[in-house]
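Bear in mind the structure is a predicted one, so any value in this text is a computation, not a measurement.
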Amino acid sequence: MRHITILSGLLLLPRLLPAQGVLVAPHYVVMDHRTRSGSITLYNPGNDPVEISISTLFGYPITDSTGQYLLYTPESPDSSMPSANGWVEAFPRRMTLNGRERQTVRLLGRPPAGLRDGEYWTRLVVSAKGGQVPVSGISDTSAIQVGLTLEVRSILPVFYRKGTLQTGVSISGIQAHMVGDSLEIRSHLERHGNGAFIGTIRGSLVDSTGHVATTFSSPLAVYFTADPLFRAPLIRPAAGLYQLRLELATERADLSSETILHAPLVRDSAQVRLP
């Protein structure tokens, strides 16, 4: 069992390091059973060549005990898991990308016979190795140069969809507490249907007069269940009773609407007393 810390609740966006790094687009791939294909584009923005290898792993976001998102990657997912690992392949899987060069990588789905309707997941791992980065601070009078060969991995989700798909989410157990100058919000989220709930959570804290004391918005991913932590800035709030209003929508500013499984808007609220 492996856990990888992830950002934005869902996506590990590619990051550039000095003299090395590859940009990957898009950062979210959807394949359907009709075409069984997809693609990504790799771009080397540097001047030096980069060696690239592409592999897949099965994983999905979960939350830990502190409410932080992690990528859960079981080494051997059981047959009940909607895994597309092993039958979504990339072509080519290895290449050298020269400076300022682009390369299209084709994805091909070869699902097993009798695949049931639903959404299946895998993660594409793009590993890039560049030149050596010198190591300083080593006292040596010889002509030997010491360096580190860096490897950067970009991990992006791939969804394979077949047939009729539905998603939705329910929210329960809303709690909120002041910690420093922020309101910390926790709740239990449970996905419904046969596809991941990918969207945005928005919240507002309203006092008894209707004044909005604070708001927040954050990307959201619920593949099975999640108990995420969210923070909203709240500096020196007046003591009293407030209403915390939450709204969960299947929309994302960074994702195309056509690739998201849509579901009805979900709203819930809870009373919050601040000292």
Side-chain angles (χ1 to χ4, degrees), residues 1-15 27-28 58-74 121 123 154-157 167-193 195-207 211-255 260-261 263-275:
M1 180 187 303
R2 295 169 292 173
H3 294 83
I4 304 171
T5 302
I6 66 174
L7 304 176
S8 301
L10 170 66
L11 304 170
L12 277 175
L13 302 181
R15 309 173 93 184
H27 54 265
Y28 173 100
F58 176 68
Y60 56 90
I62 62 172
T63 49
D64 63 13
S65 60
T66 68
Q68 302 302 310
Y69 270 102
L70 305 171
L71 184 62
Y72 171 59
T73 58
W121 316 318
R123 300 266 158 172
S154 300
I155 304 176
L156 55 147
T167 193
V169 68
S170 59
I171 182 169
S172 61
I174 300 173
Q175 299 180 11
H177 306 282
M178 281 296 300
V179 177
D181 58 359
S182 297
L183 184 70
E184 293 196 348
I185 301 148
R186 295 287 300 268
S187 64
H188 178 70
L189 306 177
E190 184 172 350
R191 187 212 79 188
H192 305 290
F197 184 94
I198 308 298
T200 300
I201 182 170
R202 293 183 285 265
S204 59
L205 189 69
V206 183
D207 66 18
H211 171 72
V212 178
T214 188
T215 62
F216 76 94
S217 178
S218 179
L220 184 69
V222 185
Y223 281 56
F224 292 111
T225 62
D227 299 88
L229 168 68
F230 302 102
R231 291 184 175 89
L234 191 59
I235 301 174
R236 294 189 297 275
L241 192 63
Y242 293 77
Q243 185 179 50
L244 176 63
R245 300 172 181 171
L246 300 179
E247 178 180 277
L248 288 73
T250 47
E251 57 185 51
R252 285 275 292 270
D254 60 331
L255 301 177
I260 295 178
L261 291 181
L265 193 68
V266 175
R267 291 188 176 97
D268 204 348
S269 63
Q271 287 189 334
V272 178
R273 182 172 293 278
L274 299 181

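Looking only at distances, no side-chain donor or acceptor of Arg191 sits under 3.5 Å from a matching main-chain atom of Thr167. Thr200 contributes no side-chain N or O that, together with a main-chain N or O of Ala249, makes up a donor-acceptor pair within less than 3.5 Å. A donor-acceptor contact shorter than 3.5 Å is absent between the side chain of Thr73 and the backbone of Gly59. No donor-acceptor pair closer than 3.5 Å links the side chain of Tyr60 to the backbone N or O of Ala196.
With rounding to the nearest 0.5 angstrom, the OG atom of Ser170 is 5.0 Å from the CD atom of Glu190. Taking CD of Gln68 as the reference point, atom CG of Asp227 lies at 12.5 Å (rounded to 0.5 Å). Put simply, CG on Leu265 and CZ on Arg202 are 7.0 Å apart, with the number rounded to the nearest 0.5 Å. Atom-to-atom distance recorded for Tyr72:OH and Asp64:CG is 14.5 Å, nearest 0.5 angstrom. Note that CD1 of Ile198 is 7.0 Å distant from CZ of Arg252, once rounded to the nearest 0.5 Å. Considering CD1 of Ile201 and CD1 of Ile171, their distance stands at 5.0 Å, rounded to 0.5 Å.
Across Val212 and Ser204, no two heavy atoms sit closer than the pair CG1-CB, 4.3 Å. Closest approach of Pro61 to Arg123, counting heavy atoms only: CD-NH2, 3.5 Å. Nearest approach of Ser187 to Pro228, heavy atoms of both residues: O-CD, 3.6 Å. Shown here for Tyr69 and Ala226, the closest heavy-atom pair between the two residues is OH-CB, 4.1 Å. Arg273 and Leu241 make their closest contact through NH2-CD1, 3.9 Å (heavy atoms, listed as atom of the first residue, atom of the second, distance).
In this structure, Leu248 and Leu189 have side chains that are in contact, with non-hydrogen atoms separated by less than 4.5 Å. Inter-residue side-chain proximity for Leu244 and Leu246 is flagged as met; some heavy-atom pair is nearer than 4.5 Å. In this structure the side chain of Thr250 reaches within 4.5 angstrom of the side chain of Phe197, judged on heavy atoms. Proximity of Val272 to Ile174: side-chain heavy atoms (C-beta onward) are nowhere separated by under 4.5 Å. For the pair Ile185 and Phe216, the minimum side-chain heavy-atom distance is below 4.5 Å. Within the 4.5 Å cutoff, side-chain heavy atoms of His27 are placed close to those of Leu255.
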Could you pull out every donor-acceptor pair under 3.5 Å between side chains of residues 229-236 and any protein atom, sequence neighbours left out?
| residue | atom | partner | partner atom | Å |
| --- | --- | --- | --- | --- |
| Arg231 | NE | Glu184 | OE2 | 3.0 |
| Arg231 | NH2 | Glu184 | OE2 | 3.3 |

Q: Could you go through the ring-ring contact (aromatic ring centres under 6.0 Å, His included) check for Phe224 and Trp121 one step at a time?
A: CA-CA 13 Å; Phe224 292 111; Trp121 316 318; 5.4 Å; yes
